[in-house]
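See below for the structure under consideration.
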Amino acid sequence: MTTSTLPKPAGADNAPQRPRPHPLARFGLLRDLDHPRDVLAHLTPNWYASIMGTGIVATAAASLPLRFPGLRLFATVVWALAALLLIGLTVATVAHWRRHPRVARGYHVDPVMAHFYGAPPMAMLTVGAGTLLLGRDAIGLDAAVGVSWALWFAGTITGLITAAAVPYLQFTRHEGVDQRSAFGGWLMPVVPPMVSASTGAMLVPYAPAGQARTTLILVCYAMFGLSLIASLIVITLIWNRLTLHKIGPARMVPTLWIVLGPLGQSITAANLLGGVAAQALPGPYAHALQAFGVVYGIPVWGFALLWASLAAAVTVKTARDQLPFSLTWWSFTFPVGTFVTGTSGLALHTGSVMFRIAAVIFYAGLLTAWATVAVRTARGSRRGTLFGPTAAGDGCGSPAPGPFDGPSLCRPTPPPILPRS
């Protein structure tokens, strides 16, 4: 009997055939996808965290109390990269909504992914701040101010919407949420107003003098309070979950670093607003608010240092076992960056050498984290691994497209019920 006449195994005709590799796969591009167009199939809002993390590297460098040769040039290049990423990802997101509307419309009802709608506003605000601080060297001051205003209004409006809409959905529509569900991502929708307060402070000198300038700084302080109080509530829930239900899945661990975001950003906002208060408010209030930046900032800086130590210890412990890469690794960047800018603000207003040295040390850590995560993201994007439905789930999204049938992969697994002895 020849090989050609051997009987076929049962069910061989019905076996699924592996699709032929697309042309780009020959060059190693998107080889984990069936077709290049699948890049848009599962595009999630937490991709904007990569822009946040890249942009904060630039703005933190511009605010460092110590200067190094080539630092401003490096920061300007990184800002330009963040701006290009913002444009590209926004175009891709629009295409995703047009081509896959059913998937896109489902994200807001997912009790995990919905919180990451806070990332796009913060990405816009971060790039806007970098445009004002660094982009002026490339496009001129007038253009930089115009772009910064546009991104501030867009980021502030969308950020206020997420700050109200996502908690509303959590209160009324999200199912399966309990004390074990609290994680760092819950802070994402309520932090954008704090970022708006910081970037708004930078725009105060460019606002028309009089009521316009006064209104701007008062609105910024209102957003400071909105975000601060909401963040303190969520941080308490996260501490409660960690105490009673422990760390949870390894892929959730990077989100512990998000807690640094509102802490560091609030220190940054308090010092930036205090620094420009005299341009918009009467003397007694201006002096009080300038002092508030330091009086508030130093105690919060202490707690942020405590949280960073706890998050680092938990991260190292988890990494010894296994810490799989996902988009949640970008949580190692933006929150640390806000801690750098907050520390720089305290160094400026106190003249403390300790804060100057600390800002440089933390910035070195930020650079290390950003380089590591950026390389891993570029590698996963090149292969297409991060664009599949499983990657979306590992990045704190739903494991399946369309109607989210299964639980999100980032949601803590309930402990087993043991039989009584």
Side-chain angles (χ1 to χ4, degrees), residues 29 47-93 119-152 154-155 195 198-199 202-203 206 261 264-265 268 272 327 329-345 348 356 359-382 386:
L29 298 176
W47 269 98
Y48 279 88
S50 62
I51 302 172
M52 295 165 53
T54 302
I56 200 66
V57 170
T59 56
S63 65
L64 277 180
L66 299 179
R67 300 298 177 188
F68 302 94
L71 180 63
R72 186 169 181 86
L73 177 59
F74 166 77
T76 304
V77 172
V78 175
W79 160 79
L81 174 61
L84 291 175
L85 288 173
L86 177 63
I87 295 172
L89 185 55
T90 301
V91 171
T93 300
M122 287 190 282
M124 290 186 281
L125 293 165
T126 304
V127 172
T131 303
L132 192 60
L133 292 172
L134 301 162
R136 58 168 59 174
D137 298 341
I139 63 177
L141 179 59
D142 292 340
V145 171
V147 171
S148 298
W149 275 116
L151 290 175
W152 186 81
V195 184
S198 299
T199 54
M202 297 166 55
L203 288 167
Y206 303 98
Q265 196 69 59
T268 304
L272 286 175
L327 291 179
W329 278 37
W330 283 101
S331 303
F332 297 137
T333 57
F334 184 80
V336 176
T338 66
F339 195 39
V340 174
T341 57
T343 305
S344 297
L348 175 65
R356 291 180 182 179
V360 174
I361 293 174
F362 296 144
Y363 187 72
L366 170 63
L367 279 181
T368 302
W370 175 71
T372 302
V373 180
V375 169
R376 297 289 295 269
T377 302
R379 187 182 304 164
S381 300
R382 182 176 180 271
L386 295 178

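Sequence positions, counted from 1, serve as the residue numbers for this chain. Fair warning: this is a prediction, and the values are worked out from it, not measured in the lab.
- Here Tyr48 pairs with nothing under the ring-ring contact (aromatic ring centres under 6.0 Å, His included) rule; sequence neighbours left out.
- Within the model, atoms CG of Leu86 and OG of Ser50 stand 10.0 Å from one another, a figure rounded to the nearest 0.5 Å.
- In this structure, the side chain of Arg376 does not engage the main chain of Ala371 through any donor-acceptor pair within 3.5 Å.
- In this structure, the separation between CE on Met202 and OG1 on Thr131 is 9.0 Å, given to the nearest 0.5 Å.
- Between the CG atom in Leu141 and the OG atom in Ser148 there is a gap of 9.0 Å [rounded to 0.5 Å].
- Of the possible donor and acceptor atoms, one in the side chain of Arg136 sits under 3.5 Å from a partner among the backbone N and O of Leu132.
- Between Ala129 and Thr199, the shortest heavy-atom contact is CB-CG2, 3.6 Å.
- Of all non-hydrogen atoms in Ala82 and Thr54, the two that sit nearest each other are CB-CG2, 3.9 Å.
- Trp329 pairs by the ring-ring contact (aromatic ring centres under 6.0 Å, His included) definition with Phe325, Phe332, not counting sequence neighbours.
- Thr341 contributes atom OG1, which lies 5.5 Å from atom CD of Gln265 (distance to the nearest 0.5 angstrom).
- Across every non-hydrogen atom of Leu366 and Val336, the tightest pair is CB-CG1, 4.1 Å.
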Does Phe74 form a side chain to side chain contact (heavy atoms under 4.5 Å, CB included) with Leu367? I'd like the steps, not just the answer. CA-CA 12 Å; Phe74 166 77; Leu367 279 181; 3.8 Å; yes

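- A heavy-atom distance below 4.5 Å is found between the side chains of Arg72 and Asp137.
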Given the rule in the side chain to side chain contact (heavy atoms under 4.5 Å, CB included) test, do Trp47 and Ser381 qualify, once you have shown the distances and angles that lead to the verdict? CA-CA 11 Å; Trp47 269 98; Ser381 300; 3.5 Å; yes

Can you list the steps and then say if Trp370 with Val78 is a side chain to side chain contact (heavy atoms under 4.5 Å, CB included)? CA-CA 11 Å; Trp370 175 71; Val78 175; 4.2 Å; yes

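- Each of Ile87, Thr59, Leu151 was checked for a side chain to side chain contact (heavy atoms under 4.5 Å, CB included) with Val127, and the lone residue meeting it is Leu151.
- When atom types are taken as modelled, the side chain of Tyr363 and the backbone of Val57 share a donor-acceptor pair closer than 3.5 angstrom.
- Heavy atoms only, all atoms of each residue included: Leu386 and Thr377 are closest at CD1-O, 3.6 Å.
- Residue pairs satisfying the salt bridge (Lys or Arg N to Asp or Glu O under 4.0 Å) criterion with at least one member in residues 79-92, sequence neighbours excluded, are absent.
- Gly155 and Pro121 get closest at one heavy-atom pair: O-CB, 3.5 Å.
- Minimum interatomic distance between Pro65 and Ala359 (heavy atoms only, all atoms of both residues): CD-CB, 3.9 Å.
- Thr90 OG1 to Leu85 CG: the interatomic distance, rounded to the nearest 0.5 Å, is 10.0 Å.
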Ile51 and Thr126: CA distance, side-chain angles, deciding distance, side chain to side chain contact (heavy atoms under 4.5 Å, CB included) verdict: CA-CA 8 Å; Ile51 302 172; Thr126 304; over 6 Å; no

